[in-house]
Amino acid sequence: MTKIYNDASSALSDVVKDGMTIMAGGFGLCGIPENLILALRETGVKNLTVISNNCGIDDFGLGILLKTRQIKKMISSYVGENKIFENQYLSGELQLELTPQGTLAERIRAGGAGIPAFFTKTGVGTVVAEGKEHREFNGETYIMEQALLADISIVKAWKADKAGNLIYRKTARNFNPMMAMASKMTIVEVEELVEIGTLDPDQIHTPGIFVKRLLVGKNFEKRIERLTTRKK
Amino acid sequence: MAWTKEEMCKIAAQEEFRDGYYVNLGIGMPTEVANYIPSGVSVTLQSENGLLGMGPFPYEGEADPDLINAGKQTITILNGGSFFDSSFSFAIIRGGHIDLSILGALQVSGEGDLANWTIPGKLVKGMGGAMDLVAGVKRVVVLMDHCAKDGTHKIVNKCEFPLTGKAVVDRIITDLCVFDIDKKSSGPSLKLVKLANGVSVDEIKQKTGPSFKVMI
């Protein structure tokens, strides 16, 4: 059975539904599934809950799904780069669940690993702890955080083989590997697709077992949010 | 004379960096401390989005969109560095493997409570990794101006702004002085350990909420 699809639209169109929960990889604009986000916009699907560390910027990344009012709720750790987000949040149109970044990453990892909840010190004594179970271990207080799962995960990797084994590149890895695990419909876009047997099994970051659908992305823009350089 | 930003960063680097340390620096002024690593001291910088061994900004024309830090700036990686995913990165942080974090702050209490992620009434942007860092890193140092721009205290009896962590700060370095926070102390936990030239203890008293011991 092939996992390979011609493009992002054909990989998404028959599995998306209104009201779904979708995880989207990336940190800022780094390592985001550009083609799948665009394709998601074209499906016109609405009332989405989106789990992603950030929400893109106004005209790129997940920000474009705010413009079309397709997102009902975001679960994120930081959403500060986005004017449309601000407007929709302040008007009550858009819900936001803020989760500390490490807790978000671990909730997703736990979801993929079959662990329903875990205890962490992060957020004890803050608003994050409100309403959550507190428990002492070895004299220290921890709070319980629950795992996250998604109906669909959209993931960006650098290279894949046709079995769906993935390799990420540099800090574009970020949330992608955990999100690939935390859904039963993980769709991955890559820059390069190679034959089975070409990738060194020792270098695989995400084994193909987690990958249901695979496509080669087109026209990657790879926009830089904050270009910082020094003179030679 | 109050210390300049450069002097504050230099003090933070000289007093806090130890050879072999793994360090996470917050966004803004704390990032600048990396420019003052003392000679003979080797520290490895972590960025919580997923790398160890962060290097300087890339040369013009060499920026890689796949290589950024937690502030979303383009950066480089040094020889000996490594990449990993975000859950692994926070396992490093939460697991207590990072020696030191230097962060900015809106308010710090005498007991070491830290508020640095949101101001009520302003838009909530999110805490990012700050709560994980202060909960997990072995030593937390705050680097900030002693008072806010309008003169209000930033070192306070009780933080009014939402907390990032409770009793998490070990030291505060400001433009006027250095305070250590002794969380096990029965008396005042705040200890004045260093003063900028020409700054008096009385001036610090006026500009600081909680009482403190002078131990210079």
Side-chain angles (χ1 to χ4, degrees), chain A residues 27-31 53-54 76-82 85-86 89-90 96 98-110 112 120-128 141 158 168-178 205-206 220-232, chain B residues 31 47-51 54 56-77 81 83-96 113-115 117-118 123-136 162-168:
Chain A
F27 179 91
L29 301 180
C30 180
N53 189 55
N54 316 91
S76 303
S77 86
Y78 189 83
V79 289
E81 325 289 351
N82 201 310
F85 192 103
E86 189 174 329
Y89 176 70
L90 292 176
L96 171 63
L98 279 177
T99 301
Q101 197 177 324
T103 297
L104 179 64
E106 191 63 15
R107 289 176 73 190
I108 298 165
R109 198 200 69 83
T120 178
K121 243 195 299 188
T122 301
V124 171
T126 76
V127 291
V128 165
T141 307
W158 177 43
Y168 307 93
R169 185 170 176 272
K170 302 186 179 179
T171 53
R173 193 181 320 183
N174 55 62
F175 284 80
N176 283 299
M178 295 86 76
H205 296 134
T206 295
F220 280 104
E221 208 178 312
K222 291 203 181 181
R223 228 187 265 188
I224 291 174
E225 217 163 324
R226 300 221 168 93
L227 179 67
T228 43
T229 55
R230 63 191 157 130
K231 286 208 157 47
K232 259 191 190 161
Chain B
T31 304
S47 189
E48 62 267 25
N49 52 319
L51 82 149
M54 180 163 54
F57 295 143
Y59 289 121
E60 282 175 3
E62 292 178 11
D64 182 342
D66 287 340
L67 182 44
I68 64 169
N69 64 15
K72 287 144 194 161
Q73 297 170 309
T74 47
I75 45 145
T76 56
I77 188 162
F83 296 115
F84 31 82
D85 67 53
S86 299
S87 78
F88 195 93
S89 190
F90 281 93
I92 293 174
I93 290 166
R94 203 187 304 102
D113 296 352
L114 171 68
W117 71 279
T118 187
L123 182 76
V124 180
K125 290 186 169 186
M127 65 292 282
M131 288 190 181
D132 307 278
L133 281 162
V134 299
L163 293 185
T164 309
K166 247 186 123 50
V168 292

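Chain A is the first sequence line, chain B the second, and so forth, proteins listed ahead of strands; every chain is numbered from 1. Computed from a predicted model, the values in this text were never measured in an experiment.
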Measure [X] against the heavy atoms of chain B and call it side chain, backbone, both or neither at under 4.5 Å.
X      : answer
A/L90  : side chain
A/Y89  : side chain
A/P177 : side chain
A/T99  : backbone

I need the residue from [options] with the largest number of non-hydrogen atom pairs under 4.5 Å to chain A.
options                      : answer
B/K72, B/E48, B/R94          : B/K72
B/P56, B/A115, B/A91, B/G165 : B/P56
B/G61, B/A135, B/S87         : B/S87
B/G129, B/G128, B/G126       : B/G128

Does [X] reach the side chain of [Y], with side-chain heavy atoms less than 4.5 Å apart?
X      : Y      : value
B/E60  : A/K232 : no
B/F90  : A/E106 : no
A/V127 : B/W117 : yes
B/M131 : A/V128 : yes
A/M178 : B/D85  : yes

What is the minimum heavy-atom distance between [X] and [Y], and which atoms define it?
X      : Y      : answer
A/R173 : B/F83  : NH2-O, 3.5 Å
B/T74  : A/I224 : CG2-CG2, 3.7 Å
B/L67  : A/T171 : CA-OG1, 3.3 Å
A/G125 : B/K166 : CA-CD, 4.1 Å
A/L98  : B/M127 : CB-CE, 3.9 Å
B/P65  : A/C30  : O-SG, 3.5 Å

In terms of heavy-atom proximity below 4.5 Å to chain A, should [X] be classed as side chain, backbone, both, or neither?
X      : result
B/S89  : neither
B/I93  : neither
B/A130 : neither
B/N69  : backbone

I'd like to verify something: which residue of [options] has the highest number of heavy-atom pairs under 4.5 Å with chain B?
options                        : result
A/N54, A/N82, A/I108           : A/N54
A/K121, A/H205, A/R223, A/K222 : A/K222
A/L104, A/T103, A/V124         : A/T103
A/G28, A/P100, A/G80, A/A105   : A/P100

A/T229 side chain to B/P58 main-chain N or O, any donor-acceptor pair under 3.5 Å? no
Is the cationic atom of A/R230 (NZ for Lys, CZ for Arg) positioned less than 6.0 Å from the six-membered ring centroid of B/Y59 and within 45 degrees of its normal? yes
Under a 3.5 Å threshold, yes or no: a donor from one side chain and an acceptor from the other, between B/D132 and A/T122? yes
Measure the CG-OG1 distance between B/L114 and A/T126 for me, rounded to the nearest 0.5 Å. 11.0 Å
Is B/D64 salt-bridged to A/R169, going by a charged N under 4.0 Å from an acidic O? yes
